[in-house]
Amino acid sequence: MNRTATTLLTSILLTALIAGCGPSPLLKGHEAFHDGDYKMAAAQWTPLAESGSVHAQHNLGVLNKTLGDYEAAAFWWEQAASREFFPSMLELGALDLAAGEPDEAEAHYRRAARWGSSDAVAVLEALEKPVPSADLLWSKERLEMQRRNRIRELGRTDAGKFDPDEFLNRKLDYYAALVEDD
């Protein structure tokens, strides 16, 4: 792929990105929630939550807690927590403590602490419970470092220097090969 094609592809991608700018449903839901329009917030977040957005799931939990529906709040927080979103783990722990279920609460706080939540660590310390290491966070960071190193290697030239054009060319060749295989 030559430099002109790379420039054209880059400009197309930037145009598409800029055209997609504007308030997202997640942001619109935040604005509605803070304005007290809970119905609009739910309307914005529910489709996102149902499609797997942990942020929307967590926000629906907060919305339902605000409305006093702790069962619905727990449902949405469990959805987000199952995808390792530790703010939802913290909320579930708080619900369990309020319900007089300290063992369940401790389990949520321990899991959040393993993801590096300093709030979970503080709660466990206050409860005089053992604090686990942040092993899940460390594993994720290690995988991310490996991914970044692999991306850097894709963009290296024979001289060993990183070339963004070379990186883009190799990525496009890779995806073109995938399409040809289909």
Side-chain angles (χ1 to χ4, degrees), residues 13-148 150-151 175 178:
L13 291 172
L14 286 174
T15 302
L17 179 65
I18 291 169
C21 290
S24 70
L26 195 60
L27 182 58
K28 288 179 187 174
H30 277 284
E31 291 169 357
F33 179 80
H34 289 290
D35 290 342
D37 188 352
Y38 300 142
K39 206 175 243 188
M40 175 60 83
Q44 294 294 320
W45 290 333
T46 301
L48 296 173
E50 290 172 346
S51 68
S53 167
V54 294
H55 294 92
Q57 291 166 345
H58 180 78
N59 291 347
L60 280 173
V62 172
L63 173 64
N64 283 291
K65 178 183 174 187
T66 301
L67 296 173
D69 187 348
Y70 297 105
E71 189 174 320
F75 170 80
W76 286 112
W77 287 330
E78 286 168 359
Q79 299 301 305
S82 72
R83 298 190 55 225
E84 307 306 340
F85 193 67
F86 72 79
S88 291
M89 296 172 201
L90 296 171
E91 293 291 349
L92 287 168
L95 276 182
D96 287 337
L97 279 179
E101 299 173 358
D103 292 340
E104 287 82 0
E106 181 183 351
H108 289 299
Y109 289 127
R110 290 180 61 73
R111 191 160 145 221
R114 292 182 66 203
W115 279 105
S117 169
S118 58
D119 292 334
V121 168
V123 171
L124 289 169
E125 288 174 346
L127 295 173
E128 298 180 353
K129 300 292 182 178
V131 176
S133 67
D135 62 324
L136 296 174
L137 177 64
W138 296 334
S139 293
K140 181 180 178 183
E141 288 176 351
R142 207 170 18 258
L143 288 173
E144 183 63 23
M145 180 69 77
Q146 290 171 352
R147 185 187 71 77
R148 273 186 259 146
R150 178 68 183 129
I151 288 171
Y175 288 118
L178 288 178

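What you see below is based on every heavy atom in this structure, not just the backbone, and it leaves out hydrogens, waters and symmetry mates. The chain is numbered in sequence order, starting from 1.
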request  = Could you tell me the separation between the CG atom of Leu136 and the CD atom of Glu141, rounded to the nearest 0.5 Å?
outcome  = 11.5 Å
request  = For residues Ala113 and Ala120, report the shortest heavy-atom separation together with the two atoms involved.
outcome  = N-CB, 3.6 Å
task = May I ask you to decide if the ring planes of Trp77 and His58 are parallel, tilted or perpendicular, using 30° and 60° as cut-offs?
result = tilted
key: Which atom of Ala112 lies closest to which atom of Leu90, heavy atoms considered   = CB-CD2, 4.1 Å
Shortest non-hydrogen separation from Ala81 to Ser88 and the atoms involved = N-CB, 3.9 Å
key: Heavy-atom check, side chain of Leu63 versus side chain of Leu67, under 4.5 Å   = yes
Table please: side-chain donor-acceptor pairs of residues 93-105 below 3.5 Å, with sequence neighbours left out.
from: Asp96; atom 1: OD2; to: His108; atom 2: NE2; distance (Å): 3.2

key: Minimum heavy-atom distance between Ala32 and Ala41, given as atom pair plus value   = CB-N, 3.7 Å
ask   = Which pairs pass salt bridge (charged side-chain N to carboxylate O under 4.0 Å, His left out) with one or both residues in residues 116-135, sequence neighbours excluded?
value = Glu106-Lys129, Arg114-Asp135
inquiry  = Applying ring-ring contact (aromatic ring centres under 6.0 Å, His included) as the test, list every pair that has at least one member in residues 109-147; sequence neighbours left out.
reply    = none
query = Which residue pairs pass the salt bridge (charged side-chain N to carboxylate O under 4.0 Å, His left out) test when at least one of the two sits in residues 28-53, sequence neighbours left out?
reply = none
task = Kindly write out the residues that satisfy salt bridge (charged side-chain N to carboxylate O under 4.0 Å, His left out) with Glu84, not counting sequence neighbours, or none if the list is empty.
result = Arg111
inquiry  = I need the Phe75 CZ to Leu60 CG distance, nearest 0.5 Å.
reply    = 9.5 Å
key: Results of side-chain contact (heavy atoms from CB on, under 4.5 Å) for Thr66 - residues two or more places apart only   = Phe33, Tyr38, Val62
ask   = Mind checking what makes side-chain contact (heavy atoms from CB on, under 4.5 Å) contact with Leu48, not counting sequence neighbours?
value = Pro25, Leu26, Ser53, Ala56
inquiry  = Enumerate the salt bridge (charged side-chain N to carboxylate O under 4.0 Å, His left out) contacts for residues 56-80, please, sequence neighbours excluded, ordered by first and then second residue.
reply    = Lys65-Glu91
ask   = At what distance, to the nearest 0.5 angstrom, does CZ of Arg110 lie from CG of Leu124?
value = 7.0 Å
Asn64 versus Ala73, closest heavy-atom pair with distance = CB-N, 3.6 Å
request  = List for me each residue that meets side chain to side chain donor-acceptor pair (under 3.5 Å) alongside His55, sequence neighbours excluded, and say none if there are none.
outcome  = none
